[in-house]
Every structure is written in C-alpha cells, then in structure tokens.
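For reference, the structure is listed below as structure tokens.
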Amino acid sequence: MRVLLLSFYFRPDLSAGAFRATALVKAIREVDPSTKIDVVTTLPNRYGSFSADALAIEQADGVIIRRIALPAHKSGMFDQSLAFWKFARQAQYLVRDQHYDLVFATSSRLMTAVLGAWVSSKRCVPLYLDLRDIFVDTIKDVLPKRTALFVKPLFDVLERWAVKRAEKVNLVSRGFSEYFESRYPQQKFSYYTNGIDDDFLTSQPVEQQVANHSLPLRVLYAGNIGEGQGLHAILPVLGKRLQGRIQFIVIGDGGRKDMLRAALELAGVSNVELLPPMARDQLIEEYKLADVLFLHLNNYDAFRKVLPSKLFEYAAMGKPIWAGVPGYSAEFVRAEVSNAAVFPPCNAVAAEQALGRLVIQDAPRKEFIKKFARGSICRELAKDILALAQD
C-alpha cells in the first residue's frame with residue numbers, strides 16, 4: 001500500500017501541524033510496516049526568525065519526504081498566500097506521475113485540504129482529511145471586515161468541495177462537531193485530538209515538588225504571536241497591573257509581534273520579555289524554569305470551538321496553567337487539567353483573579369498524560385487511515 005501525506009509543515013519545523021504529521025508517519029509505519037509513505041511538505045518556514053536544517057529529499061524505512069523551498073514571509077496573509085501557491089504548484093508537479101492508494105491531508109488554513117482533494121480527485125483515490133481549524137469560521141474575525149466579506153464565499157465553496165470529496169474527515173476538537181456535522185450530515189467524522197509528544201513525556205515531573213518561589217513569578221508563553229492569540233490585547237494591561245509580581249517571558253514569532261512590542265512600549269511595561277522562537281530542547285529547558293505557563297486566545301466567537309495544541313505540552317510539564325480561553329477550550333481545561341485557572345480572553349481583571357486560584361508548584365498529571373499521549377492517539381488514527389485505504 002502507498003499513501004501520500006500532504007502537510008504544509010513537517011519536522012524540524014515548529015508548528016502543531018509539523019509535530020502531528022511527523023508522529024503520524026511514524027505511527028502508520030508501526031501499525032503496518034509494509035505501507036510506503038510519500039510525504040510532500042515544505043522546508044522549515046513557520047517563522048522567518050527561526051531556521052532549521054533539513055534535506056530537500058529524505059528517504060528511510062519506507063518513507064520518502066520531499067520538502068519544497070518557499071519564499072521568505074513575515075506571516076502576513078498576502079505573503080503566506082504566495083508561499084502556499086508555490087507549495088501547491090510544486091506538490092502537484094511532484095506527484096503528477098505517481099500512483100497512490102490513499103491521500104491524507106492535514107490542514108489548518110483549509111488550502112492544504114483543498115490541495116489534498118484536488119490530488120485525490122485527479123488520482124481517483126480515497127481522501128482522508130485531518131482538519132485542525134475551521135478556516136471559514138475564523139476568517140470573519142481575523143481578517144478586516146471588507147476583506148472577509150469578499151473572500152468568505154470563495155473559501156466556503158472550497159471547504160464544501162474538499163469536505164464532500166473526502167471519504168472521511170477527522171476533527172481535532174470536539175468543539176468543531178456542531179459546525180461540521182450540521183453542514184455535512186452525510187460525512188463520516190472522527191475525533192483524534194492533538195496530543196503530547198515524547199519530548200514532553202520524558203520531561204514531566206516525577207512527583208509533586210514543594211513550592212519554593214519568590215516574587216516576581218516567572219510566567220512563560222511559548223507559541224505563535226498572531227491575531228488569534230491576542231497577546232497584544234492582554235499583556236500590556238496585564239503586565240502593567242502585575243508589575244513587580246510577574247515577569248512574563250514570551251517565546252515565539254508571528255504577525256502581531258511588532259504590534260505587541262509597540263503596545264508594551266506605549267503602556268510603559270517593563271516586565272514582558274520577548275524572545276525569538278527556539279528549538280524544542282531549548283524550549284523544554286525554558287518550561288522547566290517557569291513557575292506558571294500562560295495560554296491565551298483572542299476574544300473572537302470562532303475561537304470558542306478550538307482546542308489549542310499548546311495546551312497538551314503545557315499540561316505534560318506539570319506546571320500551573322493560566323489560560324485565557326473561551327468555550328470548548330475552557331470546558332476541556334476545567335474537566336481534564338488539574339491546577340489550571342481559566343479566565344475570559346482579553347479580561348485583565350479576571351486574569352489577575354484567576355492567577356490567585358493557582359497553586360504555584362509542579363506536579364505530574366499522570367491521568368492526562370495516559371489519556372493524551374500523541375503516540376497512542378496517532379496509532380489509532382493510523383489504523384483508521386489504513387482501514388479506509390483497504391476498503
């Protein structure tokens with residue numbers, strides 16, 4: 001059996017999609033070592049401020065990885081669109097004469113799903129989609145109103161075509177169910193979430209550690225700094241309120257980093273340090289130094305349905321989690337994550353109150369880790385993918 005796996009990101013790039021796709025390739029080979037996998041992806045490009053060496057073509061153990069070089073971008077909508085256009089054209093060229101038994105596409109911003117649908121239709125083979133976001137629902141909040149009104153109908157048509165073309169669709173958040181199941185009642189859906197990578201499983205605390213922290217507390221945020229995270233809407237106010245009590249460390253990059261920096265300067269905030277993206281081994285060391293891990297989504301209706309992938313690695317570290325998240329994410333944290341305090345997004349007063357509910361100590365979350373280890377989740381997803389290919 002031969003499977004084509006399309007993912008805009010793949011390790012060593014830094015993104016939830018890269019880690020998920022990489023773990024899935026490993027899981028498919030573990031479930032059925034006879035399966036051949038062609039991965040078509042990109043050379044590391046998630047952040048302009050982070051680079052990692054990777055081969056354009058890599059082959060080992062029944063897996064061929066072809067990485068497409070993309071032009072540099074700064075996470076803007078226009079330059080990302082150009083980058084994807086090059087990826088799509090090159091991907092179609094690379095697979096033009098190949099035969100596959102199944103196409104699998106993992107997609108956040110929809111267009112990789114559309115590319116998967118296009119390739120599967122040309123090859124007349126089944127398509128399994130893995131959707132990590134509701135792009136059509138999100139663009140109305142993150143794009144300027146006029147732009148969103150213009151492009152939303154187009155993306156709505158593309159989403160309908162891609163989802164209906166798929167034999168099966170996996171959704172990474174149960175919060176997506178109402179949107180997709182009401183729009184596509186004839187489609188088959190599965191719910192294999194994001195999970196905890198092995199890097200974090202080996203970094204969890206073995207036992208509860210006695211608190212011994214002095215002020216200011218070291219609070220760490222690591223991840224994308226974009227409109228969706230809304231750090232520019234919370235950290236200037238929150239940093240000012242908690243001056244002397246909190247030292248924020250923000251690790252990452254994205255389209256709103258300059259806006260965040262400007263807002264911090266305008267507010268006269270001196271207790272927020274901005275650092276560039278870093279490799280995972282370095283990031284884990286920063287996690288270990290932190291007293292509290294901070295998570296935030298912007299105050300948009302679309303984000304009431306999502307489940308941030310960052311939450312899984314945060315929880316694995318055994319640190320207190322301070323989360324400004326709405327909707328399904330808030331429900332998930334309250335139900336599944338111990339020593340975590342939730343507050344409404346962009347509400348600095350509620351955030352300060354939530355901080356007071358945390359116990360500042362490290363403790364293992366053994367049940368959470370058992371339930372959400374990425375290896376186990378990806379093995380179940382791999383079985384589902386291979387079963388579809390064999391039908």
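For Val63, the side chain to side chain contact (heavy atoms under 4.5 Å, CB included) partners are Val25, Arg29, Ile37, Val39, Ile65, not counting sequence neighbours. Taking the side chain to side chain contact (heavy atoms under 4.5 Å, CB included) definition, one finds that Thr138 meets it with Asp133, Val142, Ala302, Phe303, sequence neighbours left out. Shown here are the side-chain hydrogen bond (donor to acceptor under 3.5 Å, both in side chains) partners of Glu285, two or more places apart in sequence or in another chain: there are none. Residues passing the salt bridge (charged side-chain N to carboxylate O under 4.0 Å, His left out) test with Arg379, sequence neighbours excluded: Glu30. Residues meeting the side chain to side chain contact (heavy atoms under 4.5 Å, CB included) test with Arg123, sequence neighbours left out: Val95, Arg96, Val119, Val125. Residues that satisfy the side-chain hydrogen bond (donor to acceptor under 3.5 Å, both in side chains) test with Lys164, not counting sequence neighbours, are absent from this structure. Partners of Arg2 according to the salt bridge (charged side-chain N to carboxylate O under 4.0 Å, His left out) rule, which considers only residues two or more places apart in sequence or in another chain, are Asp38. Listed by chain and residue number, nothing satisfies the side-chain hydrogen bond (donor to acceptor under 3.5 Å, both in side chains) test with Thr22 (two or more places apart in sequence, or in another chain). Every residue two or more places apart in sequence or in another chain was checked for a side-chain hydrogen bond (donor to acceptor under 3.5 Å, both in side chains) with Arg66, and none qualifies.
Centroid-to-centroid, the aromatic rings of Phe8 and Phe87 come within less than 6.0 Å. For Tyr314 and Phe200, the ring centers are positioned 6.0 Å apart or more.
With respect to the salt-bridge test (charged N to carboxylate O, under 4.0 angstrom), the residues Arg218 and Asp291 do not qualify. Checked for salt-bridge contact, Arg365 and Glu336 miss the test: no charged N lies under 4.0 Å from a carboxylate O. The pair Asp130-Lys168 does not meet the salt-bridge criterion, since no charged nitrogen lies less than 4.0 angstrom from a carboxylate oxygen. A salt bridge is absent between Glu331 and Arg334: the closest approach of a Lys/Arg side-chain nitrogen to an acidic carboxylate oxygen does not fall below 4.0 angstrom.
The number of heavy atoms from other shown groups lying within 6.0 Å of CZ (Phe150) does not exceed 12. Summarising the local packing, CD of Gln98 is surrounded by more than 12 heavy atoms from other residues, nucleotides or ligands at distances under 6.0 Å. Within a 6.0 Å radius of NZ in Lys122, no more than 12 heavy atoms belonging to other residues, nucleotides or ligands are found. The neighbour count for Arg241 CZ, taken as heavy atoms of other residues, nucleotides or ligands under 6.0 Å away, is above 12. Around the NZ atom of Lys366, the shell of radius 6.0 Å holds no more than 12 heavy atoms that belong to other residues, nucleotides or ligands.
Identified under the side chain to side chain donor-acceptor pair (under 3.5 Å) test for residues 142-155, with sequence neighbours left out: none. Identified under the salt bridge (Lys or Arg N to Asp or Glu O under 4.0 Å) test for residues 189-201, with sequence neighbours left out: Arg11-Asp199, Lys26-Asp198, Asp197-Arg280, Asp197-Arg374, Asp199-Arg280. Legend: side chain to side chain donor-acceptor pair (under 3.5 Å) pairs involving residues 264-274, not counting sequence neighbours, sorted by first then second residue: Gln243-Ser270.
Although no hydrogens or angles enter the test, the distance criterion places a donor-acceptor pair under 3.5 Å between the side chain of Lys140 and the main chain of Asp137.
The aromatic rings of Phe312 and Phe368 lie tilted to each other, with the angle between the two planes from 30° to 60°. Between Phe248 and Trp322, the two ring planes are parallel [angle under 30°; tilted spans 30° to 60°]. Note: Phe332 and Tyr328 have tilted aromatic rings, judged against thresholds of 30 and 60 degrees for the angle between ring planes.
The side chain to side chain contact (heavy atoms under 4.5 Å, CB included) test with Phe176 singles out one residue from Val169, Leu131, Leu171, Leu307, and that residue is Leu171.
Transitive grouping of hydrophobic side chains (ILVMFWY, heavy atoms separated by less than 4.5 Å) keeps Ile225 and Met259 in distinct clusters.
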